[in-house]
Undergrad: 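Have a look at the structure that comes next, please.
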There are 2 protein chains.
Amino acid sequence: MTAFGFHAHDHAHCISTTLHRAEAYCAAHGLKFTPIRRRALEILLAEHRALGAYDLLAELAKDGLGTAPPVAYRALDFLTKAGFAHKIEGLNAYIACAHLGADHSPAFLICTECKSVAEAETQATQGRLGETARAVGFRINRTVIEALGVCPNCQDQPCA
Amino acid sequence: MTAFGFHAHDHAHCISTTLHRAEAYCAAHGLKFTPIRRRALEILLAEHRALGAYDLLAELAKDGLGTAPPVAYRALDFLTKAGFAHKIEGLNAYIACAHLGADHSPAFLICTECKSVAEAETQATQGRLGETARAVGFRINRTVIEALGVCPNCQDQPCA
DNA sequence: ACCTGAAGTGTTATGATATAACAAAAAGGA
DNA sequence: TCCTTTTTGTTATATCATAACACTTCAGGT
């Protein structure tokens with residue numbers, strides 16, 4: 001059990017169902033869910049926190065799945081392109097997608113105390129940014145929306 | 001002249017007024033607007049584009065203002081803390097603030113073709129992200145809001 | 001079964017971004 | 001002046017990311 005959207009939940013279940021969904025998605029789209037890629041997703045899913053590429057690599061190395069940086073970056077490249085993971089730009093770190101399957105524009109609430117991350121949905125084309133874009137004729141391809149702050153759990157423990 | 005919010009404008013004037021505003025702000029707040037810091041802001045202002053720290057350093061070096069990375073990072077640290085510049089997380093690059101003086105939550109429209117950047121204002125606590133944050137009790141300290149896409153100028157020149 | 005081409009993997013090296021640490025100099029107040 | 005704080009100069013190193021190339025694996029066509 002760990003924070004998910006800052007709430008406790010059945011984490012083992014959450015991991016296994018997501019892995020199965022990823023498997024199904026790959027089968028349906030002709031993508032190869034190789035051992036390295038599968039294990040990388042599993043590692044990211046093990047925490048609802050952003051992991052650095054080298055942290056991921058260290059975990060992969062423990063399983064004998066590779067030791068050089070490209071191993072981790074290739075896996076992350078696959079996972080992010082497939083929509084199974086996202087990069088948190090503000091942290092140079094990576095996190096498993098919480099809404100696997102849907103083609104979406106994620107937004108993140110990142111706790112700077114405990115490093116846990118919650119994923120929210122946004123409609124980038126709505127809101128002030130979308131208005132501004134339309135007003136000046138800017139075409140949006142991708143959005144990076146991240147809020148840094150303090151999650152409810154950490155607010156309850158002010159001096160932890 | 002270069003793009004500003006993707007529109008042409010009197011750029012020399014824009015640089016000098018912003019520098020003067022920064023000077024006034026520093027005087028009013030007891031901050032030291034040293035030659036390195038002033039020149040760094042001037043360099044960032046010279047383009048409405050995001051510049052890498054090492055690009056900035058190269059420019060500073062031309063003026064004999066330093067050659068080692070900390071020189072650039074210290075200047076950027078000062079400028080960002082003073083609100084004179086922002087970091088574009090999606091590019092690991094830095095840009096002069098277009099709304100100097102106001103304490104604000106900037107949002108950016110970043111053209112991936114010509115690298116020009118427009119700065120918009122947002123109210124982070126409004127919109128979907130703010131709703132979600134309030135709903136789960138998350139306290140937002142800082143937001144990163146960036147849209148990557150194609151500016152109107154580059155849409156007009158599809159095969160440039 | 002065989003070839004072939006595309007995708008994936010192993011590995012070395014390097015590039016790009018950023019900071020730690022500490023000494024020297026400058027600025028500003030008591 | 002003297003002392004403290006801030007800024008600067010410099011070396012070294014940490015951290016994040018990719019280029020390049022050889023080798024392997026696997027699916028599809030014949």
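Lettering follows sequence order; numbering is per chain, from 1.
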Undergrad: Look at the side chain of B:Y54 and decide which nucleotide, out of C:dG8, C:dT17, C:dC22, has an atom nearest to it.
TA: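 The closest nucleotide is C:dT17.
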Undergrad: Round to the nearest Å and state the distance from A:R39 atom CZ to C:dT9 atom P.
TA: 15 Å
Undergrad: State whether the side chain of A:T80 and the backbone N or O of A:H86 hold a donor-acceptor pair below 3.5 Å, judged by distance alone.
TA: no
Undergrad: Please tell me if B:T67 has a side-chain N or O lying less than 4.0 Å from either OP1 or OP2 of D:dG9.
TA: no
Undergrad: Could you state the atom-to-atom distance from CG of B:L91 to P of C:dA18 in whole Å?
TA: 11 Å
Undergrad: Could you report the tightest heavy-atom contact between A:P69 and A:Y54, atom names first, then the distance?
TA: CG-OH, 3.3 Å
Undergrad: Considering only side-chain heavy atoms of A:T34, which listed nucleotide, C:dA18, D:dT8, C:dT9, is closest?
TA: C:dT9
Undergrad: From the list C:dA18, D:dT6, D:dT18, which nucleotide is the closest neighbour of the side chain of B:K32?
TA: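 Shortest atom-to-atom distance from the side chain points to D:dT6.
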Undergrad: Using every non-hydrogen atom in the two residues, find where B:C14 and B:H48 come nearest and quote the distance to one decimal.
TA: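 Taking every non-hydrogen atom into account, SG-NE2, 3.7 Å.
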Undergrad: Tell me: CG of A:L79 to P of C:dG8, nearest whole Å?
TA: 12 Å
Undergrad: Reckon A:N92 has a side-chain N or O less than 4.0 Å from the OP1 or OP2 of D:dA17?
TA: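 Yes, within the criterion.
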Undergrad: On DNA chain D, compare the nucleotides closest to B:F78 and A:K87; which residue's is nearer the 5' end?
TA: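 In this pair, the answer is B:F78.
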Undergrad: Do any N or O atoms from the side chain of B:E59 and from the backbone of B:I43 form a donor-acceptor pair under 3.5 angstrom?
TA: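 Answer holds: no.
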Undergrad: Rounded to whole angstroms, how far apart are OH on B:Y73 and P on D:dT8?
TA: 17 Å
Undergrad: Using a cut-off of 4.0 Å on non-hydrogen atoms, how would the nucleic acid contact of B:Y94 be classed: base, sugar-phosphate, or nothing?
TA: sugar-phosphate
Undergrad: Heavy atoms from C-beta onward define the side chain here; which of C:dT11, D:dT10, C:dT9 lies closest to that of A:R37?
TA: C:dT9
Undergrad: How many whole angstroms separate atom CZ of A:R74 from atom P of C:dT11?
TA: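 My rounded result for the distance is 11 Å.
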Undergrad: Starting at CG of A:L57 and ending at C1' of D:dT18, how long is that distance when rounded to a whole Å?
TA: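 From A:L57 CG to D:dT18 C1': 14 Å.
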Undergrad: How many Å lie between CG on A:D77 and P on D:dT18, as a whole number?
TA: 8 Å
Undergrad: Return the value, rounded to whole Å, for the distance between atom CG of A:L76 and atom P of C:dG8.
TA: 15 Å
Undergrad: With the side chain of A:P70 defined as its heavy atoms from C-beta on, choose the nearest nucleotide among C:dA18, D:dA17, C:dT12.
TA: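 From the listed options, C:dT12 comes nearest.
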Undergrad: Which value, rounded to the nearest 0.5 Å, describes the distance between B:I15 atom CD1 and B:H20 atom NE2?
TA: 12.5 Å
